[in-house]
Trainee: 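To start, I am sharing the structure in question, which I have written as structure tokens.
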Amino acid sequence: MNIDNPDDIDGYGWDLYHVFVDELISGGCPDHSLLLTNLTNLLSMWKATDDPGYLDILLLNAVQYRLSLGRAITWELAKAANIRLSGKTAERSGIKAQAAKVYIIRVNACSWIYRLRTYCGMNADDAKHKAAARLYEENKNSDIKVEMKPDTLGKLYNLLYPEVRIEKMKNNPIDLEWAKNNAEAFESEFTHVLPVHLEPNSRD
């Protein structure tokens, strides 16, 4: 088999994302859950960067939650192993890989807003301000710029988490169990102060 050919497995090719979602749900991952979102984001990062580390994290999550992995993701794991064994470097564009990293970090910040609002009872304005402050603080020394003003981050959140999706997600057993055990501690992590240049009225 040609492990470098993404179409060399029953026509999966670039339809892998949708195949993967179906396989994860069939393998025990709840539909409309943050876990499913996180795992598919990891797959997207792998496809964008060819960095096997993203699949390592995915595999650890699958083991932790006792998920069965189907043929599509097993194929991707084999491709990642081949990259390591052959010593190949990623062939993707460095600019594309950087853009993907920025996006995934911002998507993760939106998941903070979701949890703060849904499981911690925080109002929308406070949640997006606290998420934007933490996003800035955790990445201010990074070589990539991921900061966003609260309102801009809030717009991205609204795109990723429309009300119809939230209604399907909020009563998911895995997320409810997480909230029961972790919501209070999670909320206490958001103590960061939003810098002046990211304040809503700032022109910077």
Trainee: What donor-acceptor contacts under 3.5 angstrom involve side-chain atoms of residues 114-127, with partners at least two apart or in another chain?
Mentor:
{"residue": "Tyr114", "atom": "OH", "partner": "Tyr119", "partner atom": "OH", "Å": "3.2"}
{"residue": "Tyr114", "atom": "OH", "partner": "Lys170", "partner atom": "N", "Å": "3.4"}
{"residue": "Thr118", "atom": "OG1", "partner": "Tyr114", "partner atom": "O", "Å": "2.8"}
{"residue": "Tyr119", "atom": "OH", "partner": "Lys170", "partner atom": "O", "Å": "3.2"}
{"residue": "Asn123", "atom": "OD1", "partner": "Asp125", "partner atom": "N", "Å": "3.2"}
{"residue": "Asn123", "atom": "OD1", "partner": "Asp126", "partner atom": "N", "Å": "2.8"}
{"residue": "Asn123", "atom": "ND2", "partner": "Asp126", "partner atom": "OD2", "Å": "3.1"}
{"residue": "Asp125", "atom": "OD1", "partner": "Lys128", "partner atom": "NZ", "Å": "3.4"}

Trainee: Please list all pairs meeting side chain to side chain donor-acceptor pair (under 3.5 Å) that have one or both residues in residues 135-144, counting only residues at least two apart or in different chains.
Mentor: Arg134-Glu138, Glu137-Lys140
Trainee: So, the side chain of Asn181 versus the backbone of Glu177: is there a donor-acceptor pair under 3.5 Å, distance only?
Mentor: yes
Trainee: Within a strict 4.5 Å, meaning less than it, do heavy atoms of the Val21 and Leu43 side chains meet?
Mentor: no
Trainee: Taking distance alone, no hydrogens or angles, what donor-acceptor pairs closer than 3.5 Å link side-chain atoms of residues 53-63 to residues at least two apart or in another chain?
Mentor:
{"residue": "Asp56", "atom": "OD1", "partner": "Arg84", "partner atom": "NH2", "Å": "3.0"}
{"residue": "Asp56", "atom": "OD2", "partner": "Arg84", "partner atom": "NH2", "Å": "2.3"}
{"residue": "Asn61", "atom": "ND2", "partner": "Ile57", "partner atom": "O", "Å": "2.8"}

Trainee: Strictly by salt bridge (charged side-chain N to carboxylate O under 4.0 Å, His left out), give each pair with a member in residues 35-46 just once, sequence neighbours left out.
Mentor: none
Trainee: For Lys79 and Trp46: C-alpha separation, side-chain torsions, deciding distance, then whether side chain to side chain contact (heavy atoms under 4.5 Å, CB included) applies.
Mentor: CA-CA 11 Å; Lys79 289 168 64 178; Trp46 152 248; 4.1 Å; yes
Trainee: How far does OG of Ser33 sit from CD1 of Ile25, to the nearest 0.5 angstrom?
Mentor: 8.0 Å
Trainee: Go through the structure and list residues passing side-chain contact (heavy atoms from CB on, under 4.5 Å) with Val164, not counting sequence neighbours.
Mentor: Pro162, Lys168
Trainee: I would like to know whether Leu39 and Leu67 meet side chain to side chain contact (heavy atoms under 4.5 Å, CB included); could you show each step before the answer?
Mentor: CA-CA 11 Å; Leu39 294 179; Leu67 305 179; 3.7 Å; yes
Trainee: With sequence neighbours left out, write down each residue that passes side-chain contact (heavy atoms from CB on, under 4.5 Å) with Asn108, or none if nothing qualifies.
Mentor: Ser111, Trp112
Trainee: Taking the side chain as every heavy atom from C-beta outward, state whether Leu176 and Lys180 have any atom pair closer than 4.5 Å.
Mentor: no
Trainee: Mind checking whether Ile144 and Leu135 sit in one hydrophobic cluster, side chains of I, L, V, M, F, W, Y counted as touching below 4.5 Å?
Mentor: yes
Trainee: Drop me the distance from Ile104's CD1 to Arg106's CZ, to the nearest 0.5 angstrom.
Mentor: 12.5 Å
Trainee: Is Glu147 reaching over with its side chain to a backbone N or O of Leu198, donor-acceptor style, under 3.5 angstrom?
Mentor: no
Trainee: Using 0.5 Å steps for rounding, measure from the CG atom of Leu36 to the CE atom of Met169.
Mentor: 9.0 Å
Trainee: Restricting to non-hydrogen atoms, name the atom on Ala132 and the atom on Leu153 that form the minimum distance, rounded to 0.1 Å.
Mentor: N-CD2, 3.7 Å
Trainee: Looking only at heavy atoms, which two atoms of Ala133 and Val193 are closest? And how far apart?
Mentor: CB-C, 3.9 Å
Trainee: Working note: Glu23 + Arg71, criterion side chain to side chain contact (heavy atoms under 4.5 Å, CB included); need CA distance, chi angles, decisive distance, verdict.
Mentor: CA-CA 8 Å; Glu23 286 189 353; Arg71 191 174 179 217; 4.2 Å; yes
Trainee: Do the rings of Tyr157 and Tyr161 sit parallel, tilted or perpendicular, given the 30° and 60° boundaries?
Mentor: parallel
Trainee: Report the distance from atom SG of Cys29 to atom CG of Asn172, rounding to the nearest 0.5 Å.
Mentor: 8.0 Å
Trainee: With rounding to the nearest 0.5 Å, note down the distance linking CG in Asn182 to CD in Glu189.
Mentor: 9.0 Å
Trainee: Measure the shortest side-chain to side-chain distance between Leu77 and Leu69 over non-hydrogen atoms and say whether it is less than 4.5 angstrom.
Mentor: yes
Trainee: Any side-chain to backbone donor/acceptor pair from Ser86 onto Asn82? Under 3.5 Å, distance only.
Mentor: yes
Trainee: What distance do Leu35 atom CG and Asp175 atom CG have between them, rounded to the nearest 0.5 Å?
Mentor: 8.0 Å
